[in-house]
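Read through the structure below, which is laid out as structure tokens, and then see the notes.
The analysis underlying the following values was restricted to heavy atoms, covering all of them including side chains, and did not include hydrogens, waters or symmetry mates. Lettering follows sequence order; numbering is per chain, from 1.
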Amino acid sequence: MASGMDLLAGLNPEQLAAVTLPDEPALILAGAGSGKTRVLTTRIAWLLREGRAHPAGVLAVTFTNKAAREMLARVEAMLTLAPRGMWIGTFHGLCNRMLRAHWKDAGLPQAFQILDSQDQLSAIKRLLKTANVSEERCAPRELQMFVNSAKDSGRRAGDMGSQGADRLMVELFAAYDAQCQKEGSVDFAELLLRCVELLLRNEILRGHYNRRFTHILVDEFQDTNPLQYRWLKLLAGRERPIFAVGDDDQSIYRFRGAHVGNMSDFQREYDVKHLIRLEQNYRSHGNILDAANHLIGNNARRLGKRLWTDAGPGEMLRLFEAPSDVLEAEWVVEEVDRLREAGTRLSDIALLYRSNAQSRVLEHALFQAGVPYRVYGGLRFFERAEIKHALAYLRLAAHPDDDVSFSRVVNFPPRGIGARSVELVQEAAQQAGTSLHGAIAQLGARATGPLKAFAALVGELRAAARERDLAGLVEWTVEKSGLAAHYRAERDGADRVENLGELITAAAGFRPGDADFPPELAPEISPEIPPGEGAGPAAILNAFLAHAQLESGDNQAGAGEDALQLMTVHAAKGLEFDAVFLTGLEEGLFPHENSLSEEDGLEEERRLMYVAITRARRVLSLSLAQSRMMHGQTRYGIRSRFLAELPPECVRQVGSRPSSAAAVGGWAGPGRGSGPARTAAPAGHAPALAAASRTEGNGSGLRVGQSVRHAKFGEGVVVGLAGSGSDARAQIQFGSWGVKELLLAVAKIQPVA
DNA sequence: GGAGACTGCGTTTTT
DNA sequence: CGCAGTCTCC
């Protein structure tokens, strides 16, 4: 019914230009709320509709599964016929798909398993144990970060000069990769790196994909890491144009290797002639947009962009300063109630925070008030222990020789197989050169009853995997393994039992989509895989297992209900809400103190703040707490410097709480020219409420906001106080030294007038 | 071999 | 404070 034209109806001139660009490299700088997704999806639909692209020639990449699903749905909605054969997915999902197709060429076992970060960390701990390196000598988390950041930039242990202190790290990196190879597992970064190496090495494959993908489109390009960019370049070859959409102001994933520089690199390397800015914002009212523009203007390195709207100024931003985190939460609940009474749906309201830990207090207050809410992020569905256990059983059903899964559940739920027995099995496996499962048979009469029973269980699982459909298998596994019974017997096990039920539901609903399933294969490319293999029960189970590793499991129970939305600012990127509450706007929290010592850290925090502000359509409420419970201790905070970077005429302070000395936004750290020291605030008033009285209780005589001098670190500003008596400590921001926490009984600190 | 207490540590953000 | 990993005692 649709003619070629109505696809393009309603686009503004810039959007239209972007959608209908010729097949040449293009960079679309798309501001928040400027219709980025619309441009991307319309472009795909337009390419197909105009016959410029065949569906199989389209490769569109995003970062989250959710974004990929939305993109696919929107493209399909624009077309009369569902396009088959497009590759739309996440970087990781598409790499997984490619590696499944060419596992042999990639040097992987056919059923390689994907490690999520948890799995990776346990693999690393296991490695340290076998390598006999104590965890003090090498912190597992540090090694994990080392490995991941190396891989994210495309480097393997062999590429790294083994110099000085890092020598151990490099060696362990190599050993880790060897262990993964032996166990047939692949971590997130490895998915990408393997794929890149495969394409680099295999000219035939590279040629195949170069010819196949005539149109490559990338969403959120500012979040790509060097490895992902390299992957894109390999797929595009010299001929194929990349259509990249991104916003440098929303680059917030540097910590996981994202390299904003990819945007300018791309411009340069491809001599990009089509640079289009989408600056008209269709989301937020004027005051909100002004605040965002003003704030982000404080960042030095930007490609440059200024959002505008023709909606009116709308409401002013509201700022509330609470004496404590608990009172902040209560205020938010009251405000949510008011919005609700005024007709705003709960699902149109978001509570945002910098770090996950902050959700606790908010949840508590919401629970007390009986407000339905839903927390996104935190521990995800597929990361829950009970789900991981169930998945381990399912993996054993598919691959009985998987030692990692074997170890995970051999005695869970407890079935009388202790450390001694496991050791026995391990030795037998070592000697016979078999898997742990295989070793039980080797043990013969030496195997204990429980061990034999477990081996039998694995055998039954295996048979069940052949006979039952996926959901039936999952249900049977959950029961037969004893997991269900175990959690039913547990006092607080109800949630876990429910989650296991959800897993069965997820299995029942699992339709291997384009993105998860082994693709149609060109036999001349990978002759080792017979076509049609894709549909057997084993393949479906494998696809489900991979899916579980790649999909965080957003869409779990309760997604449909009208509930308040709680999430981190990171998780909110790409979303929009009628009303947004941005909480915890305190120095040290937002911007986070750890970011201050990082290169470009403060600017990234500011971008994060920018993302948060631009989520709101109509109402934006900002709040902070003068005192906050963290790690079991009360910490005192001052206003985030970002509040001083908002245009005063857009912000209205609400509530009658007197602002204490601690509330002075000033943060005029001596020797730091960059701090926005211009905040007007009633300094010198009698310090009020909690902060002041508790500060005195701290016995230090110090107060937040005060300037002090330290023999080694020089001058600094007190940003927080903790402990009391002989344990009294102060968190002090020292110019280039960052924030230090000093024990006041020991540290020599002098107040500066 | 297993259940419970104990200690030490951490959270900034995530595919 | 809450969790994970370790230790201790049954």
Inset, instruction - Name the residue closer to the 5' end of DNA chain B, choosing between H92(A) and G416(A) according to the nucleotide with the nearest heavy atom. - result: G416(A)
Out of [options], whichever nucleotide has its closest atom nearest the side chain of [X]:
{"X": "R360(A)", "options": "dC3(C), dT15(B), dA3(B)", "result": "dC3(C)"}
{"X": "R420(A)", "options": "dT14(B), dT11(B), dG1(B)", "result": "dG1(B)"}
{"X": "A357(A)", "options": "dT14(B), dT11(B), dT15(B)", "result": "dT11(B)"}
{"X": "N356(A)", "options": "dG2(C), dA3(B), dT14(B)", "result": "dT14(B)"}

Between [atom2] of [N] and [atom1] of [X], the distance in whole Å:
{"X": "Q222(A)", "N": "dT14(B)", "atom1": "CD", "atom2": "P", "answer": "16 Å"}
{"X": "M629(A)", "N": "dG10(B)", "atom1": "CE", "atom2": "C1'", "answer": "15 Å"}
{"X": "I417(A)", "N": "dA3(B)", "atom1": "CD1", "atom2": "P", "answer": "13 Å"}
{"X": "F91(A)", "N": "dT15(B)", "atom1": "CZ", "atom2": "C1'", "answer": "11 Å"}
{"X": "Q118(A)", "N": "dT11(B)", "atom1": "CD", "atom2": "C1'", "answer": "14 Å"}
{"X": "E603(A)", "N": "dT13(B)", "atom1": "CD", "atom2": "P", "answer": "22 Å"}
{"X": "R415(A)", "N": "dA3(B)", "atom1": "CZ", "atom2": "P", "answer": "13 Å"}
{"X": "R408(A)", "N": "dG5(C)", "atom1": "CZ", "atom2": "P", "answer": "10 Å"}

Touch check for [X], heavy atoms < 4.0 angstrom, all strands: base, sugar-phosphate only, or nothing?
{"X": "Y253(A)", "result": "sugar-phosphate"}
{"X": "R254(A)", "result": "nothing"}
{"X": "E604(A)", "result": "nothing"}
{"X": "K573(A)", "result": "nothing"}
{"X": "F63(A)", "result": "sugar-phosphate"}
{"X": "L589(A)", "result": "nothing"}
{"X": "N411(A)", "result": "sugar-phosphate"}
{"X": "S595(A)", "result": "nothing"}

Inset, instruction - Answer yes or no on whether R256(A) is positioned over the face of Y253(A), meaning its NZ or CZ is under 6.0 Å from the six-membered ring centre and within 45° of the axis. - result: yes
[N], OP1 or OP2 - any side-chain N/O from [X] closer than 4.0 Å?
{"X": "S117(A)", "N": "dT14(B)", "value": "no"}
{"X": "K66(A)", "N": "dT15(B)", "value": "no"}
{"X": "N594(A)", "N": "dT13(B)", "value": "no"}

Inset, instruction - Taking atom CZ of R141(A) as the centre, report whether more than 12 heavy atoms of other residues, nucleotides or ligands fall under 6.0 Å from it. - result: no
Legend entry - Neighbour count above 12 (heavy atom, 6.0 Å) for Q118(A) CD: yes
Inset, instruction - Please state the C1' separation for the pair dT11(B) and dT6(C) - nearest whole angstrom. - result: 22 Å
Inset, instruction - State whether K36(A) and E70(A) are salt-bridged, where the test is any N-O pair (Lys NZ or Arg NE/NH1/NH2 against Asp/Glu carboxylate O) under 4.0 Å. - result: no
Inset, instruction - Could you tell me whether the side-chain ring of F255(A) sits stacked on the base of dT14(B), using a centroid cut-off under 5.5 Å and a plane angle under 30°? - result: no
Inset, instruction - Establish, from distance only, whether the side-chain atoms of Q113(A) and S185(A) form a donor-acceptor pair under 3.5 Å. - result: no
Inset, instruction - Using only heavy-atom distances, determine whether the side chains of E386(A) and N499(A) contain a donor-acceptor pair under 3.5 Å. - result: yes
